[in-house]
Amino acid sequence: MAETKHDSEKLVRDFLGSWEDRDLDVICSAFADDAVYHNVPVAPIEGIAGIRAIFQAFLDAFAEAKLDIVTLAAEPGLVLAERVDYFTMNDGRKVVLPVNGVFEVRDGNITRFSDYFDLADFEKQSGFKL
């Protein structure tokens, strides 16, 4: 199935919005089985099992998550999303992190998700080591 700009954008908007409900199955349903998730300051994670594991670790560490889109540009099969991610840690600490995400989409699934952010800033605010 050929991706349209609208389909690619909707998939990414729905994925980013799904974090607020904290449902791991819904969050991961956006991904192809062989997808790659890359927090660019650290090594990429290949495959849905590894992606599920890291997303579960995030959900376990954060009481709340809101991924706010600042600017989004979409083409068929490619979405660029500038965001500010807001997390509340289980101990109540707040994390506010500017992020740029690049999403590659094929056959209605995210096949590659790369996030670019300041790792030291994230680790300082969250106490979470990636």
Side-chain angles (χ1 to χ4, degrees):
M1 151 176 117
E3 304 302 325
T4 68
K5 174 181 171 177
H6 172 78
D7 292 341
S8 296
E9 178 176 342
K10 183 176 183 336
L11 177 66
V12 170
R13 285 186 183 277
D14 288 351
F15 163 72
L16 294 172
S18 72
W19 281 89
E20 286 187 62
D21 293 332
R22 304 176 48 80
D23 183 325
L24 182 64
D25 289 335
V26 172
I27 291 167
C28 290
S29 70
F31 288 84
D33 289 344
D34 61 349
V36 175
Y37 171 50
H38 192 186
N39 280 316
V40 172
V42 298
I45 297 168
E46 297 183 15
I48 192 62
I51 293 169
R52 282 185 71 87
I54 192 68
F55 287 174
Q56 183 65 64
F58 290 152
L59 291 172
D60 289 346
F62 304 134
E64 295 177 344
K66 182 167 178 21
L67 284 54
D68 261 359
I69 297 169
V70 176
T71 305
L72 186 141
E75 290 296 329
L78 181 66
V79 178
L80 307 177
E82 176 189 10
R83 312 185 316 266
V84 177
D85 291 357
Y86 299 90
F87 302 108
T88 302
M89 305 298 294
N90 289 328
D91 65 7
R93 282 177 295 150
K94 303 286 187 190
V95 176
V96 179
L97 188 70
V99 181
N100 280 299
V102 178
F103 299 83
E104 295 176 21
V105 176
R106 185 182 68 245
D107 297 329
N109 293 110
I110 297 168
T111 57
R112 184 171 187 87
F113 170 27
S114 301
D115 261 349
Y116 297 81
F117 60 94
D118 183 329
L119 180 63
D121 184 33
F122 172 76
E123 291 182 343
K124 180 177 145 195
Q125 290 186 66
S126 69
F128 198 79
K129 297 292 180 196
L130 290 183

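Along the sequence shown, the residues carry numbers beginning at 1.
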- Decide yes or no for F117 and V40: does some side-chain heavy atom of the first lie under 4.5 Å from some side-chain heavy atom of the second? no

- Message: To the nearest 0.5 Å, what is the distance between CG on D34 and CZ on R106?
- Response: 6.0 Å

- Message: Working note: N100 + L80, criterion side-chain contact (heavy atoms from CB on, under 4.5 Å); need CA distance, chi angles, decisive distance, verdict.
- Response: CA-CA 7 Å; N100 280 299; L80 307 177; over 6 Å; no

- Message: Are the side chains of V26 and D21 in contact, using a 4.5 Å heavy-atom criterion?
- Response: no

- Message: Using the rule given for salt bridge (charged side-chain N to carboxylate O under 4.0 Å, His left out), can you reason through D60 versus R22, listing the C-alpha separation, both sets of side-chain angles and the distance that settles it, and then say yes or no?
- Response: CA-CA 10 Å; D60 289 346; R22 304 176 48 80; over 6 Å; no

- Item | Value rounded to 0.5 Å, distance of CG in L97 from CG in D115 | 8.5 Å

- Item | L119 reachable from V96 in the ILVMFWY side-chain graph, under 4.5 Å edges | no

- Task: Let me see the working for E9 and R13 under salt bridge (charged side-chain N to carboxylate O under 4.0 Å, His left out), right down to the final yes or no.
- Result: CA-CA 6 Å; E9 178 176 342; R13 285 186 183 277; 2.8 Å; yes

- Applying the 4.5 Å side-chain criterion to the ILVMFWY set and letting contacts propagate, would V36 and I45 be lumped into a single cluster? no

- Would you say I110 and I48 are hydrophobically clustered, going by side-chain heavy atoms of ILVMFWY under 4.5 Å? yes

- Task: Could you tell me whether the side chain of V102 reaches within less than 4.5 Å of the side chain of L78, counting heavy atoms only?
- Result: yes

- Query: In terms of heavy-atom contacts, does CG of D33 have more than 12 from other residues, nucleotides or ligands at under 6.0 Å?
  - Reply: no

- Rounded to the nearest 0.5 angstrom, the CG-CG distance for L11 and N109 is 7.0 Å

- From CG (D85) to CD1 (I69), nearest 0.5 Å: 10.0 Å

- Query: What is the distance from atom CD of E46 to atom CD1 of I51, rounded to the nearest 0.5 Å?
  - Reply: 9.0 Å

- Item | Residues S8, E75; criterion side-chain contact (heavy atoms from CB on, under 4.5 Å); working and verdict | CA-CA 7 Å; S8 296; E75 290 296 329; over 6 Å; no

- Flag, side chain of E20 to backbone of A65, donor-acceptor distance under 3.5 Å: no

- Ring center gap for F31 and F15 short of 6.0 angstrom: yes

- Query: So, do T88 and K94 sit near enough that their side-chain heavy atoms are less than 4.5 Å apart?
  - Reply: yes

- Task: Measure across E3 and D7 and return the closest heavy-atom pair with its distance rounded to 0.1 Å.
- Result: OE1-CB, 4.4 Å

- Message: Measuring from atom NZ of K129 to atom CZ of F122, what distance do you get when rounded to the nearest 0.5 angstrom?
- Response: 10.0 Å

- On a heavy-atom basis, the closest approach of V12 and V105 is CG2-CG2, 4.5 Å

- Heavy-atom side-chain proximity of F58 to F128 below 4.5 angstrom: yes

- Are Y86 and I27 joined in one hydrophobic group, where the rule is that I, L, V, M, F, W and Y side chains link up if heavy atoms are under 4.5 Å apart? no

- Message: Ring-plane angle category for F113 and F103, please: parallel below 30°, perpendicular beyond 60°, tilted otherwise.
- Response: parallel

- Kindly determine whether D25 and R52 satisfy side-chain contact (heavy atoms from CB on, under 4.5 Å), including the steps that lead there. CA-CA 9 Å; D25 289 335; R52 282 185 71 87; 3.0 Å; yes

- Any side-chain heavy atom of Y37 sitting closer than 4.5 Å to one from F55? yes

- Can R93 and Q125 be said to form a side-chain contact (heavy atoms from CB on, under 4.5 Å), step by step? CA-CA 8 Å; R93 282 177 295 150; Q125 290 186 66; over 6 Å; no

- Task: State yes or no: do W19 and V70 share one hydrophobic cluster built from I, L, V, M, F, W and Y residues joined by side-chain heavy-atom distances below 4.5 Å, directly or via other members?
- Result: no

- When every non-hydrogen atom of N90 is compared with those of A63, the smallest separation belongs to OD1-N, 3.3 Å

